[in-house]
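Single-structure report; data block below.
Here is how names work: the chains are called A, B, and so on, in the same order as the sequence lines, proteins then strands, and each is numbered from 1.
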Amino acid sequence: MLVGWFEQNARDLPWRRTNDPYAIWVSEIMLQQTQVRTAIPYFERWMRALPTVESLARISSGRLHKLWEGLGYYTRVRNLQKSARMICQDHNAQFPQQYDAVRALPGIGPYTAGAICSIAFNQPTPILDGNVIRVLSRVFAITSDPKEPRTNTLLWQLAEALVTRAARLSPPSGCLPCSALNQSLMELGATLCTPRSPSCPLCPVQPHCGARQRGIQEQLPLPARRPATTQRHFLAFLVEHKERYLVRQRPDGMVNAHLWEFPNAEVKAPLSTKLDATARKMGLRIIDRKPLCTLKHSITRYRITLAAHRAEVVNLGTLADGHWFTRRQLDRLAFTSAHRQILRAATL
DNA sequence: CTCCAGGTTG
DNA sequence: CAACCTGGAG
């Protein structure tokens, strides 16, 4: 019934048009922490640029990060390449099919390993992501915190029982029952069994849904409590000289590692009286005290306000890690979303 | 505007 | 268990 609904209502997504485990792996990594709508154009561009594991293993770091620019969580893309190199070394460039070998690749945890093995290889491996947690919490009316170890174990057991039963039932010919079952659960969570205002009247499972019967579907699953946020303020400087712009690359091991950005510094106060002093410390002088743009963004628990100002160079030696690039060259570098926005504001 | 969602890692 | 990032919903 659920699978029947899925076969009638599945969205036509690019990674559903392939059974190449490499493509399915790439799509699953992109879909970690990322909305389907956002991932689609990235996936299509990626598969054109890097159609095989070997091409991923060989691509330069710069081009690799550019393909991921704007998706966030950039360790994902470095883990993709690290895994591709492991696959070339240890698996003869063939994507492994054993669950344990899949799980051993960096960036692949229990969810992603289960998703790849079930979707690409039709193995009865369970999956439990945010969508499935929501669907199972509601169908089985689980009122305890899904993050709590006992409840989490129960949810994994339910997911496993469902996919195992799907494998056992004699399938209609030409159907991949484990793949279809797991994708059905996720599709239901993504389209009908949504976090807020679920579309219960359209749901194929509605007659069997414990939460719906009790009228508590809107309250499940129990929301996670979130950490307190911290305000932070940054000043960034757009330095243009002879048609070139001053940028730097963030070092390994920090937030947004390997991505490019404009020179910037954290300041204590939002409307900084330290604007000139901050610039001077970096060997720069403010041209226009009116910001080129101000923008807000968040990284984990930090709420960041960033103001960008045009500036000029006073002392070139102070910014040791600076590089000068033309506008055209900047377009080939991977920037964080915040700094890509500065560039857009500057050259619009 | 604020709040929220979301897998893996160290 | 905190850190990682961005886009979308309300």
**Asked** Between A:Asn79 and B:dT9, does any side-chain N or O lie under 4.0 Å from OP1 or OP2?
**Response** no
**Message:** OP1 or OP2 of B:dT2 versus the side-chain N and O atoms of A:Arg303: is any pair under 4.0 Å?
**Reply:** yes
**Request:** State whether A:Arg301 places a side-chain N or O below 4.0 Å from either non-bridging phosphate oxygen (OP1 or OP2) of C:dA3.
**Result:** yes
**Message:** Quick one, A:Glu261 with A:Arg248, criterion salt bridge (charged side-chain N to carboxylate O under 4.0 Å, His left out). Give me CA distance, side-chain angles, the key distance, then yes/no.
**Reply:** CA-CA 6 Å; A:Glu261 66 181 9; A:Arg248 64 188 187 189; 3.0 Å; yes
**Message:** Counting the atoms with a prime plus P, OP1 and OP2 as sugar-phosphate, which does A:Gln33 contact under 4.0 Å by heavy atoms, base, sugar-phosphate, or nothing?
**Reply:** base
**Prompt:** Taking the side chain of A:Ser197 as heavy atoms from C-beta outward, which of C:dG10, B:dT9, C:dT6 is closest to it?
**Reply:** C:dG10
**Asked** What nucleic acid atoms does A:Thr34 come within less than 4.0 Å of, heavy atoms only: base, sugar-phosphate, or nothing?
**Response** nothing
**Request:** Please determine, for the side chain of A:Lys296, which listed nucleotide (B:dC4, C:dC4, B:dC1) has the closest atom?
**Result:** B:dC1
**Prompt:** Which part of the nucleic acid, if any, lies within reach of A:Thr300 when heavy atoms closer than 4.0 Å are counted: base, sugar-phosphate only, or nothing?
**Reply:** base
**Message:** Does B:dC3 have OP1 or OP2 under 4.0 Å away from a side-chain N or O of A:Arg196?
**Reply:** no
**Message:** So does A:Gln217 get a backbone contact from the side chain of A:Arg138, meaning a donor-acceptor N/O pair under 3.5 Å?
**Reply:** yes
**Request:** Verify, without hydrogens or angle tests, whether A:Arg327 (side chain) and A:Thr347 (backbone) share a donor-acceptor contact under 3.5 angstrom.
**Result:** no
**Request:** Compare side-chain N and O positions of A:Thr112 against OP1 and OP2 of B:dT8 and report whether any pair is under 4.0 Å apart.
**Result:** yes
**Prompt:** Under 4.0 Å between a side-chain N or O of A:Arg134 and OP1 or OP2 of B:dG6?
**Reply:** yes
**Message:** Mind checking if A:Arg225 touches a base, just sugar-phosphate, or nothing, with heavy atoms under 4.0 Å?
**Reply:** nothing
**Parallel, tilted or perpendicular, as decided by the 30° and 60° cut-offs, for the rings of A:Phe335 and A:Phe262** = tilted
**Request:** Would you indicate which nucleotide in B:dT8, B:dC3, C:dC4 comes nearest to any side-chain atom of A:Tyr302?
**Result:** C:dC4
**Request:** Could you check whether A:Pro106 gets within reach of a base, just the sugar-phosphate, or nothing at all, counting any heavy atom under 4.0 Å?
**Result:** sugar-phosphate
